Protein chains: 2
Amino acid sequence: MLFKIDSHQSQKARRVGRIRKQNETLILRAAEEEFAEKGFAGASINAIAHRAGLPKANIHYYFKNKMGLYIAVLSNIIDLWDEPLSSISGDDDPAEVLTIYIRQKIAFSQEYPLASRIFASEIISGAHNMKDYFSEDYHRWFSGRVAVFQQWIDQGKLDAKVAPAHLLFMIWSTTQHYADFSIQIAAALNKPSPDVEDFAIAEETLIHIILKGCGVLA
Amino acid sequence: MLFKIDSHQSQKARRVGRIRKQNETLILRAAEEEFAEKGFAGASINAIAHRAGLPKANIHYYFKNKMGLYIAVLSNIIDLWDEPLSSISGDDDPAEVLTIYIRQKIAFSQEYPLASRIFASEIISGAHNMKDYFSEDYHRWFSGRVAVFQQWIDQGKLDAKVAPAHLLFMIWSTTQHYADFSIQIAAALNKPSPDVEDFAIAEETLIHIILKGCGVLA
DNA sequence: GTCTATAGAGTGATAGAC
DNA sequence: GTCTATCACTCTATAGAC
């Protein structure tokens with residue numbers, strides 16, 4: 001967690017804590033939309049306040065400043081991001097693990113497209129506010145996943161021509177694409193936005209190509 | 001006398017035209033870096049001018065306003081984007097076509113990462129300045145590519161389980177990922193940025209998984 | 001706790017000297 | 001063609017009334 005919202009509450013504060021919680025949620029949701037659409041610099045506190053239905057000074061009351069609000073939004077997203085892939089081991093069946101992981105990532109793109117877009121924008125523009133996230137720990141976590149994939153290869157469960165790290169990148173990129181580039185996808189398919197059926201077809205095609213391509217499927 | 005004046009002016013104009021061309025290139029290159037890193041709203045004319053080594057009023061001299069400059073940068077990028085996939089037909093060999101296309105897209109990510117990032121940011125934030133690009137024509141072009149893929153499937157050259165449109169999305173997302181998310185990739189691999197070898201391994205892994213996954217490889 | 005009013009910093013854009 | 005000086009505007013952030 002990058003930014004901890006001050007949770008210290010006196011007895012008096014607890015009585016009104018419900019309103020605080022409610023307003024914070026309103027603001028965070030509005031901020032998510034605004035940051036996703038305009039980026040950090042393009043988003044204005046005014047517009048966020050208007051979207052949230054609150055006067056703009058309230059945002060400064062609940063969050064110290066614009067950057068604090070942005071970090072809070074980003075922290076929420078990174079918590080969501082946290083890892084359905086963390087507990088795999090070399091004994092697992094790669095076909096099953098990869099299938100579940102791809103389904104989860106596609107579901108995430110469908111459910112939280114704004115979160116995915118803010119995450120993507122932050123990385124594209126240099127990830128200056130995620131230095132903590134992309135730390136030594138991140139590399140260690142990533143290496144752990146790669147090591148399991150390598151075990152699968154050593155056991156002949158996965159094609160040796162597959163570079164484990166890049167298989168992971170492939171799953172990330174293909175699944176997140178449906179959130180981040182949904183406008184381009186919609187234009188290609190000539191509809192206002194990708195619908196549930198498109199997501200289902202995407203999922204099946206991705207699972208087929210990736211599993212078969214890795215040699216875990218006939 | 002008129003002749004003499006004309007001659008003099010055209011010589012002068014020609015000389016100045018060279019400077020204009022030169023300065024425009026300087027500004028466009030600086031703007032590309034700035035827009036890629038900060039987004040449209042975050043980029044400032046001041047910072048672009050500083051990067052280009054010119055006073056900021058010159059930018060307003062060469063380009064009408066900030067949006068004009070942004071559109072100019074975006075147009076350059078869209079020209080670059082234009083289509084190594086436009087001339088394929090059902091008679092071609094899918095293995096060959098897909099291999100070449102993936103190599104080209106990876107090379108593009110390696111050579112023009114900034115262009116890729118600006119393109120991605122523009123789409124993520126709503127593509128409001130690319131309405132013309134994502135037009136009926138775009139859908140028509142896309143449908144044409146899909147139709148060729150479908151012919152390959154009908155001829156048994158490609159697995160029937162592959163949804164053509166989503167195979168295209170897959171190639172776009174996986175290859176562009178190496179430009180757009182290179183910071184995350186670098187963090188995962190624990191190096192300052194992906195190097196030539198990483199791009200080569202990425203290319204081989206993508207080609208292997210996608211070709212084999214589509215059933216065009218043993 | 002809420003909101004109005006405003007200060008203070010920074011931006012895009014332009015006029016006019018050179 | 002180039003560049004300095006400046007305008008008009010918008011934005012974040014805060015002080016202080018309620």
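First the proteins, then the strands, lettered A, B, ... as listed; each starts at 1. Here the structure is a predicted model, which means the values were calculated and not measured. Only this structure's heavy atoms are used, side chains among them; waters, hydrogens and symmetry mates stay out.
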Inset, instruction - For the pair B/F40 and B/F35, name the ring-plane relationship: parallel under 30°, tilted 30 to 60°, perpendicular over 60°. - result: parallel
Legend entry - Nucleotide D/dG1, atom C1' - distance to CZ of B/R20 in whole Å: 9 Å
Inset, instruction - Using a heavy-atom cut-off of under 4.0 Å over every strand shown, decide if A/A49 touches base, sugar-phosphate, or nothing. - result: nothing
Inset, instruction - Whole angstrom is fine here: how far is it from NZ in B/K66 over to P in C/dT11? - result: 9 Å
Inset, instruction - Fit a plane to each ring of B/F142 and B/Y138, take the angle between them on a 0 to 90° scale, and name the class: parallel (under 30°), tilted (30 to 60°) or perpendicular (over 60°). - result: parallel
Inset, instruction - Could you state the atom-to-atom distance from CD of B/E24 to P of D/dT2 in whole Å? - result: 11 Å
Inset, instruction - Could you tell me the separation between the CD atom of A/Q22 and the C1' atom of C/dT2, rounded to a whole number of Å? - result: 15 Å
Inset, instruction - Give the rounded distance in Å between these two atoms: NE2 of B/H60 and C1' of C/dT14. - result: 9 Å
Legend entry - Rounded interatomic separation in angstrom, taking CG from B/N65 and C1' from C/dT11: 13 Å
Inset, instruction - Show the numbers, then the answer: is there a side chain to side chain donor-acceptor pair (under 3.5 Å) between B/Y62 and B/N23? - result: CA-CA 8 Å; B/Y62 288 113; B/N23 283 350; 3.0 Å; yes
Inset, instruction - May I ask you to say what A/A41 touches in the nucleic acid, namely base, sugar-phosphate or nothing, with a heavy-atom cut-off under 4.0 Å? - result: nothing
Legend entry - Sole residue of A/I207, A/I171, A/T175 in side chain to side chain contact (heavy atoms under 4.5 Å, CB included) with A/I106: A/T175
Legend entry - Per B/S44 side chain, nearest of listed nucleotides D/dT12, C/dT11, C/dG1: C/dT11
Short heteroatom pairs, N/O only, protein and nucleotides 3-10 of chain C, under 3.5 Å:
unit_1 : atom_1 : unit_2 : atom_2 : d
C/dC3  : OP2    : A/N58  : ND2    : 3.3

Inset, instruction - For the pair A/F169 and A/H166, name the ring-plane relationship: parallel under 30°, tilted 30 to 60°, perpendicular over 60°. - result: perpendicular
Inset, instruction - Ignoring hydrogens and angles, tell me if any N or O in the side chain of B/S173 forms a donor-acceptor pair with the backbone of B/M170 under 3.5 Å. - result: yes
Legend entry - Distance in angstrom units between B/N46 CG and D/dA5 C1', rounded: 14 Å
Inset, instruction - Examine D/dG1: is either OP1 or OP2 under 4.0 Å from a nitrogen or oxygen in the side chain of B/N23? Give yes or no. - result: no
Legend entry - Verdict with reasoning, B/I59 to B/L54, per side-chain contact (heavy atoms from CB on, under 4.5 Å): CA-CA 8 Å; B/I59 292 181; B/L54 292 167; 5.7 Å; no
Legend entry - Atom pair distance, as rounded to whole Å: OH in B/Y62 and C1' in C/dT14: 17 Å
